[in-house]
Amino acid sequence: MEGHVSAAPVASPRGLGELARDYVALTKPRIIGLLLLTTVTTMFVAAPSGLSLATVLATILGGYLAAGSAGAINHYIERERDARMDRTCDRPIASGRIEPRHGLIFGVSLGVLAVLELTLTTNALAAGLALAGLLGYVFVYTLWLKPRTPQNIVIGGAAGAIPPLVGWAAATGSLSADALYPFAIVFLWTPPHFWALALLVSDDYARVGVPMLPVVRGEATTRRLILVYSVGLVAFTTLPYFTGLFGAFYLGAALALGAGFIGLAAWLALRPSRRAALALHLGSLAYLALLFVAMAADKAV
């Protein structure tokens with residue numbers, strides 16, 4: 001393994017502020033923001049009237065540490081591919097600003113802290129789920145599925161759907177069948193969200209030999225599958241209303257947001273362009289955030 005480490009250039013000495021920003025960048029904070037939103041809103045769904053601020057804050061901290069650990073370890077594993085891709089070549093490890101072994105130690109340390117913090121401040125179930133998400137992202141998705149199959153994000157997306165389960169467990173100390181709805185929504189949302197990004201950077205993935213769907217099956221097939229998954233996702237989001245988990249407020253929000261999501265997917269399928277792919281990718285972020293806010297709001301009204 002050390003033979004590959006030397007491939008990254010060694011950065012020159014820099015200020016403490018720049019170094020700190022690079023270590024924060026290893027945690028992929030922009031991605032974590034959405035993950036934590038799904039965590040906290042699910043906590044309010046699970047325990048709308050019995051949630052303490054201390055539990056919420058502790059879960060946010062543990063969730064950030066766990067997701068940040070996965071991000072940092074991913075930076076370490078992907079450093080050579082990242083250095084060859086336009087989108088990722090300026091990442092801290094790929095560019096040589098942080099030594100690979102330091103990034104790996106940082107990532108592992110965050111994971112250990114996450115498990116300890118969640119165990120001590122919430123419960124062992126929440127800690128175990130966070131650890132499962134971390135290990136799933138690193139070993140199942142990054143190391144196993146991503147370099148081998150175009151279905152990588154379909155299967156590996158389960159790791160990114162773990163945060164709502166962590167939130168539910170932290171709030172209640174257990175998991176019920178209802179906890180599977182937020183998990184499944186994120187799971188079904190992940191492929192169309194990520195495939196829209198893959199369409200934008202398919203040349204990068206082809207260059208480094210990563211079998212993302214647009215590279216292996218072509219862009220036309222990818223666009224059709226995005227639309228199919230989007231329709232399936234929106235249909236699924238209505239189920240919690242019919243099972244009684246949510247009320248009319250949530251159903252209205254799910255249908256309105258879903259119409260927008262399907263509209264963007266249809267635009268991409270019928271009039272393909274980089275603009276349409278970018279609109280869907282960015283719009284999917286807003287869609288998921290607003291849908292989970294609607295879940296929490298439904299419990300409050």
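The model shown is predicted, which means the values in this text are computed figures rather than measured ones.
By the side-chain hydrogen bond (donor to acceptor under 3.5 Å, both in side chains) test, Tyr205 is found to be paired with Arg87, residues two or more places apart in sequence or in another chain being considered. Partners of Ala220 by side-chain contact (heavy atoms from CB on, under 4.5 Å), not counting sequence neighbours, listed by chain and number: Arg223, Arg224. Residues that satisfy the side-chain contact (heavy atoms from CB on, under 4.5 Å) test with Ala170, not counting sequence neighbours, are Met43, Thr59, Thr122, Ala126. Under the rule for a side-chain contact (heavy atoms from CB on, under 4.5 Å), the partners of Pro29 that lie at least two apart in sequence or sit in another chain are Val24, Thr27, Tyr64.
Arg97 and Ser95 share a side-chain donor-acceptor pair at under 3.5 Å.
Contact detail for Ser230 and Ile262: the closest heavy-atom pair is O-CG1, 4.1 Å. A pairwise comparison of heavy atoms in Ala83 and Cys89 identifies O-CB, 3.7 Å as the closest pair. Contact detail for Gly62 and Ala114: the closest heavy-atom pair is O-CB, 3.7 Å. For the pair Ile98 and Gly103, the tightest heavy-atom approach, listed with the atom from each and the gap, is CG2-N, 3.9 Å. Between Arg271 and Ala276, the closest heavy-atom pair is O-CB, 4.1 Å. Taking all atoms of both residues into account, the shortest heavy-atom contact from Asn152 to Tyr141 is O-CD1, 3.7 Å.
Atom CZ of Arg217 has 12 or fewer heavy atoms from other residues, nucleotides or ligands within 6.0 Å. The local environment of CH2 in Trp267 is crowded, with over 12 non-hydrogen atoms from other residues, nucleotides or ligands closer than 6.0 Å. Other residues, nucleotides and ligands place no more than 12 heavy atoms under 6.0 Å from the CZ atom of Phe44. Environment of CZ in Phe236: crowded, with over 12 heavy atoms of neighbouring residues, nucleotides or ligands closer than 6.0 Å.
Atom CG of Leu26 sits about 12.0 Å away from atom NE2 of His102, to the nearest 0.5 Å. Taking OG1 from Thr41 and CG from Leu291, the interatomic distance works out to 9.0 Å, rounded to the nearest 0.5 Å. The distance from the OG1 atom of Thr88 to the CG atom of Asp204 is 6.5 Å, given to the nearest 0.5 Å. One finds the CG atom of Leu268 at 12.5 Å from the CZ atom of Arg275 (value rounded to the nearest 0.5 Å). The CZ atom of Phe292 sits 9.0 Å away from atom OG1 of Thr39, with the distance rounded to the nearest 0.5 Å. Leu118 contributes atom CG, which lies 10.0 Å from atom CG of Leu129 (distance to the nearest 0.5 angstrom).
With hydrophobic clusters built from ILVMFWY side chains whose heavy atoms lie under 4.5 angstrom apart, Leu282 shares a cluster with Leu197. Hydrophobic clustering (side-chain heavy atoms under 4.5 Å, transitive across Ile, Leu, Val, Met, Phe, Trp, Tyr) keeps Ile153 apart from Val216. Note: the hydrophobic cluster containing Ile32 does not contain Leu34 (ILVMFWY, side chain heavy atoms under 4.5 Å, direct or indirect links). When hydrophobic clusters are built by joining Ile, Leu, Val, Met, Phe, Trp and Tyr residues whose side-chain heavy atoms come closer than 4.5 Å, directly or via intermediates, Leu199 is grouped together with Leu285. In the hydrophobic clustering of this structure, Leu36 does not group with Leu288; members are Ile, Leu, Val, Met, Phe, Trp, Tyr whose side-chain heavy atoms approach within less than 4.5 Å, directly or through other members.
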Give the table of side-chain donor-acceptor pairs shorter than 3.5 Å for residues 172-186, with sequence neighbours excluded, one pair per line with atom names and distance.
{"unit_1": "Thr172", "atom_1": "OG1", "unit_2": "Trp168", "atom_2": "O", "d": "2.9"}
{"unit_1": "Thr172", "atom_1": "OG1", "unit_2": "Ser174", "atom_2": "N", "d": "3.2"}
{"unit_1": "Thr172", "atom_1": "OG1", "unit_2": "Ser174", "atom_2": "O", "d": "2.8"}
{"unit_1": "Ser176", "atom_1": "OG", "unit_2": "Asp178", "atom_2": "N", "d": "3.4"}

Residues 246-260, side-chain donor-acceptor partners within the protein, below 3.5 Å, at least two apart:
{"unit_1": "Tyr250", "atom_1": "OH", "unit_2": "Thr237", "atom_2": "O", "d": "2.6"}

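For the pair Thr55 (side chain) and Leu51 (backbone), a donor-acceptor distance under 3.5 Å is absent. Counting only distance, with no hydrogens or angles, the side chain of Ser69 and the backbone of Leu65 share no donor-acceptor pair below 3.5 Å. For the pair His281 (side chain) and Phe194 (backbone), a donor-acceptor distance under 3.5 Å is absent. Listed for the Thr149 side chain is no donor-acceptor partner under 3.5 Å among the backbone atoms of Leu145. Judged by distance alone, the side chain of Thr142 and the main-chain N or O of Tyr137 form a donor-acceptor pair under 3.5 Å.
Using a 4.0 Å cut-off between charged nitrogen and carboxylate oxygen, Asp82 and Arg79 do not count as a salt-bridge pair.
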Check: Can Arg207 and Asp86 be said to form a side-chain contact (heavy atoms from CB on, under 4.5 Å), step by step?
Finding: CA-CA 10 Å; Arg207 184 183 309 122; Asp86 292 339; 4.1 Å; yes
Checklist line | Ile155 vs Trp144, side-chain contact (heavy atoms from CB on, under 4.5 Å): CA-CA, chis, key distance, verdict | finding: CA-CA 11 Å; Ile155 306 167; Trp144 180 35; 5.9 Å; no
Next item on the list: Please test Trp195 against Val154 for side-chain contact (heavy atoms from CB on, under 4.5 Å), starting from the C-alpha separation and ending with a verdict.
Entry: CA-CA 10 Å; Trp195 285 335; Val154 176; 3.5 Å; yes
Notebook entry, point to check: Run the side-chain contact (heavy atoms from CB on, under 4.5 Å) check on Asp298 and Tyr241 step by step: do they pass?
Noted result: CA-CA 10 Å; Asp298 184 86; Tyr241 167 77; over 6 Å; no
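Using a 4.5 Å cut-off on side-chain heavy atoms (C-beta onward), Lys299 and Leu245 make contact. Using a 4.5 Å heavy-atom cutoff, the side chains of Val210 and Met85 are not in contact. The side-chain heavy atoms of Glu219 and Ser202, taken from C-beta on, include a pair separated by under 4.5 Å.
None of His75, Arg81, Glu80 except one satisfies the side chain to side chain contact (heavy atoms under 4.5 Å, CB included) rule with Glu78; the exception is Arg81.
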